[in-house]
Every structure is written in structure tokens, then in C-alpha cells.
Protein chains: 2
Amino acid sequence: MLRPLLKKQLQTERRPSWKLTQRVVEMAASASGEATRIMLAVNESTIKGYPHASISCRGAFEWILKKIIRSNTCDFKLLFIHVQVPDEDGFDDMDSKFASPDDFKKMKHRDKIRGLHLLEYFVNQCHEIGVACEAWVKKGDAKEIICLEAKRVQPDFLVLGSRGLGPFQKVFVGTVSEFCVKHADCPVISIKRNADQIPQDPVDD
Amino acid sequence: MLRPLLKKQLQTERRPSWKLTQRVVEMAASASGEATRIMLAVNESTIKGYPHASISCRGAFEWILKKIIRSNTCDFKLLFIHVQVPDEDGFDDMDSKFASPDDFKKMKHRDKIRGLHLLEYFVNQCHEIGVACEAWVKKGDAKEIICLEAKRVQPDFLVLGSRGLGPFQKVFVGTVSEFCVKHADCPVISIKRNADQIPQDPVDD
């Protein structure tokens with residue numbers, strides 16, 4: 001009942017695929033020259049008064065170290081991007097008074113410092129572990145800037161921390177990771193927070 | 001203009017984060033014990049007469065070797081799953097005649113052989129390179145079985161080859177990767193075919 005074409009196919013499948021294997025081995029060998037460039041989008045925690053990186057992006061960073069880089073620190077380079085979003089709900093500046101142009105300068109200066117501290121945290125960690133890295137800040141809409149930067153920088157893949165919100169919560173807060181999975185030029189992997197790291201309000205991060 | 005809380009925040013941010021760093025270093029050290037388990041869904045080429053794995057899943061396999069495992073072959077384990085889908089369009093059996101129950105047995109036997117050959121290809125490659133692996137076959141709807149198996153096996157992440165179809169093409173063929181990105185329990189990364197590997201009809205693979 002086997003069609004002749006299929007029979008031939010099964011026979012040819014049995015030949016040793018040494019050519020392909022050879023190619024993969026060569027490829028693996030040649031890969032050792034150039035580091036795998038992993039881009040990680042990092043952001044601040046939305047929990048007021050919380051001084052550090054968000055739960056999700058710290059989780060994604062630790063996931064990269066533990067699951068991808070492991071002991072092979074020389075073969076990877078991490079590219080941290082932090083997109084500063086204009087304070088949409090205005091909560092951060094609710095208690096501030098703006099009486100002169102200088103007040104706005106101070107606010108911008110403060111934002112800059114916060115962004116730099118965030119990157120400093122990740123760069124310090126990489127330095128301690130011995131992983132090469134680069135970090136930079138951009139301003140604008142996070143999801144769009146991340147995709148634009150991925151296009152410009154061309155990492156091997158992009159890692160995003162995600163809050164793992166349900167469909168109902170997503171309607172209100174939107175998700176950067178869903179947008180980037182769809183629109184980024186490079187492969188994207190989205191790492192959800194661990195269940196034990198979810199704050200009282202899952203929208204917080 | 002800076003609120004007291006914020007001032008305190010900036011000050012505390014300046015303290016050395018040795019505790020966190022220590023945790024990351026310890027984590028990286030402890031990770032070396034247990035291999036990172038990467039699940040890869042593999043399928044046959046849809047191009048008639050083509051004897052091997054699909055362009056997309058070979059691309060995804062090579063991507064894992066080149067970009068993730070690199071020279072660190074001991075720290076990873078690959079889990080290959082092949083889901084055999086009932087021949088929906090019936091093209092494969094268009095020229096076959098079924099005259100007795102044995103004919104169906106032969107067809108099933110043929111499918112089994114094809115599935116085993118597919119897995120043999122990947123297991124051989126891993127064996128040559130020195131990466132630990134496991135491979136198995138399941139039957140059913142690819143996207144659902146992949147998600148079920150990911151839930152059962154709990155890999156660290158799931159890699160899927162994708163044809164990178166446009167929205168118009170997707171309407172007709174559906175995409176396993178989109179479904180799994182949304183529904184799988186573990187992180188998922190979808191690797192598109194290279195532009196130079198796209199066959200005449202992009203729906204082919």
C-alpha cells in the first residue's frame with residue numbers, strides 16, 4: 001500500500017545524515033567566537049517607595065543567569081534597556097509643587113537618577129558575575145521603544161519579565177510583553193513572575 | 001521639590017546591594033547541578049517527498065545549539081516531542097487503496113516509522129554533539145498536545161519553530177506557536193525561519 005515515492009523517502013531517510021551533523025558541529029564551533037546577545041527590558045517597581053527594579057524584570061534577569069548563561073559567563077552579553085515612560089497617572093508628582101521652570105528640571109533630573117540607579121543595579125550584578133553587558137535609557141512608549149531598539153540593536157533574542165496577568169486584568173493595564181512577542185523583529189521570551197512573588201494587587205510589580 | 005519619601009529612596013538605593021548579588025552568585029552556582037531542560041516540538045516537512053524534519057524545526061534546533069547551548073553541552077538537556085496529526089487533508093493517502101483492515105495497519109505502521117525517523121535524526125545529532133536528550137511521539141492536535149506535554153514534563157522553556165507567516169496566511173493555516181505562547185505553562189520562544197529558507201509557497205515548511 002505504500003506509494004513508491006514514500007518507499008523511496010523511507011529508504012533515503014535511512015542514509016547517515018553525516019553532512020547535516022557535520023554542519024551542526026561546525027556551526028557550534030564557529031559560534032564560540034561571537035557572544036550570544038540577550039536584550040532584557042528592565043523597569044522600576046510600581047510599588048510606591050520600593051527602591052529597586054520590578055519583581056518581573058529581576059525574575060527575568062535571574063532566569064537568564066540560572067537557565068541560559070549558567071556557568072558559561074564568557075559566551076553571553078546582556079543588553080539592558082530601560083524605557084522611561086512619562087508618568088501617566090501623575091501619582092508620583094501628586095505631592096510636588098511646580099512654581100518655576102527649575103522645578104521641572106529637578107523632576108527630570110530625579111527621573112534620570114532613578115533610571116541610572118536601575119541600570120546600575122543590573123550592571124553591578126553582571127560585573128560581579130563576570131558577564132559582559134551594556135545598558136541604556138530611552139524615553140517614550142515602552143512597548144514601541146523596545147521593538148524599535150530590538151530592530152536597531154539586533155539581539156539574538158529579547159527577554160521580558162511579565163506579571164502573568166489574567167485576561168480581565170490585562171484589559172486595564174495592557175501588556176508590553178504581548179505586544180513585543182507579536183511585533184519585535186527578534187525571538188522573544190516572556191518570563192512570568194513566580195507565584196510566590198505576586199504582591200497583594202497582581203497589577204503591582 | 002523632591003518628596004521626603006523619594007529622597008530616602010534615592011539614598012537607600014545607593015547602599016551596596018551585596019545581599020542581592022550574593023544571592024545571584026549562589027543561585028548561579030547551585031544551578032550548575034541540574035541541567036536546563038529545553039523542550040523542542042519537531043515536525044515533518046510538509047513539502048512532498050522531502051525526507052526530513054521541517055525547515056522551521058531544524059532552524060529552531062540549530063538556534064538552540066548556536067545561541068543557547070554553545071560549548072556548554074553538559075548543562076542542557078533537550079526534550080523532543082513530535083505530535084503526529086491525523087492526515088487532515090488526506091493528500092498523503094490519496095493514492096492509497098484500502099481493501100482490508102491490514103491496509104490501515106500498514107498505514108499506521110508507516111506513520112510510526114516516519115515519526116521514529118524524525119526523532120532519530122534529532123537524537124543522532126545530539127549524540128554526536130554530546131548533549132543529553134529524550135524524544136517521544138504523541139498523537140493528536142499538535143498545539144494542544146504540546147501544551148499538555150509541557151505541563152506534564154515541566155521543561156524550563158519550550159522552543160517552537162515558526163514559519164513566520166503574515167496575518168493573511170495565518171487565517172488559513174493557523175499557528176501552533178501563537179497558541180502555545182498564550183497557553184503553555186512554561187516560557188515559550190518561537191524561532192522564525194530565516195528569510196533565505198522560505199520555500200516558494202511560504203505555507204510549506
Side-chain angles (χ1 to χ4, degrees), chain A residues 1-3 5-6 8-10 12-14 16-17 20-21 24-25 27-29 31-32 36 48-52 58 61-63 65-73 75 92 95-98 102-103 106-107 110 113-114 117 120-121 124-125 128-129 156-157 181 187-192, chain B residues 1-3 5-6 8-10 12-14 16-17 20-21 24-25 27-32 36 48-52 58 61-63 65-73 75 92 95-98 103 106-107 110 113-114 117 120-121 124-125 128-129 156-157 181 187-192:
Chain A
M1 277 302 109
L2 290 174
R3 283 178 298 162
L5 177 63
L6 186 71
K8 198 182 158 202
Q9 200 168 316
L10 287 178
T12 54
E13 274 181 315
R14 286 200 191 96
S17 61
L20 277 165
T21 309
V24 170
V25 171
M27 201 180 57
S32 58
T36 295
K48 305 299 173 203
Y50 197 82
H52 287 302
R58 271 184 297 136
F61 175 61
E62 291 176 9
W63 184 89
L65 297 179
K66 194 172 167 183
K67 299 299 184 184
I68 305 285
I69 298 181
R70 301 184 58 110
S71 57
N72 193 12
T73 47
D75 273 354
D92 279 356
D95 304 331
S96 307
K97 277 181 199 162
F98 302 98
D102 265 4
D103 294 343
K106 275 179 193 160
M107 187 184 68
R110 182 200 68 192
I113 287 175
R114 288 172 66 102
H117 279 174
E120 193 182 9
Y121 167 79
N124 281 348
Q125 300 270 322
E128 296 237 11
I129 300 160
D156 289 304
F157 61 107
V181 164
V188 180
I189 191 160
S190 165
I191 309 297
K192 283 182 197 158
Chain B
M1 275 305 106
L2 289 174
R3 283 177 299 159
L5 177 64
L6 186 72
K8 197 185 159 199
Q9 201 169 315
L10 288 177
T12 54
E13 272 181 316
R14 286 199 190 98
S17 61
L20 278 163
T21 309
V24 170
V25 170
M27 201 179 56
S30 74
S32 56
T36 296
K48 304 300 172 202
Y50 197 82
H52 286 303
R58 272 185 296 135
F61 175 61
E62 291 175 10
W63 184 88
L65 296 179
K66 196 172 166 183
K67 299 299 184 184
I68 304 286
I69 298 181
R70 302 183 57 110
S71 57
N72 192 13
T73 48
D75 272 354
D92 279 356
D95 304 331
S96 307
K97 278 181 200 162
F98 301 98
D103 294 342
K106 276 181 193 157
M107 187 185 69
R110 181 200 70 191
I113 289 175
R114 288 172 67 100
H117 279 175
E120 193 182 11
Y121 167 79
N124 280 347
Q125 300 270 322
E128 296 238 11
I129 301 159
D156 289 306
F157 60 108
V181 164
V188 180
I189 191 160
S190 165
I191 308 297
K192 283 183 196 159

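Below, chains carry the letters A, B, ... as their sequence lines are ordered, and counting in each starts from 1.
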Looking at A/Lys66 and B/Thr36, what are the two nearest heavy atoms and their distance?
-> O-OG1, 4.1 Å
Enter the distance from A/Lys67:NZ to B/Ile68:CD1 here, rounded to the nearest 0.5 Å.
-> 13.0 Å
Closest approach of A/Ser190 to B/Pro187 (non-hydrogen atoms, all atoms of both residues) | O-CB, 3.8 Å
Flag side-chain contact, heavy atom, 4.5 Å: B/Ile189 against A/Val188 | no
Top of B/Ile191, B/Asp156, B/Ile69, B/Thr73 for chain A proximity - count of heavy-atom pairs under 4.5 angstrom = B/Asp156
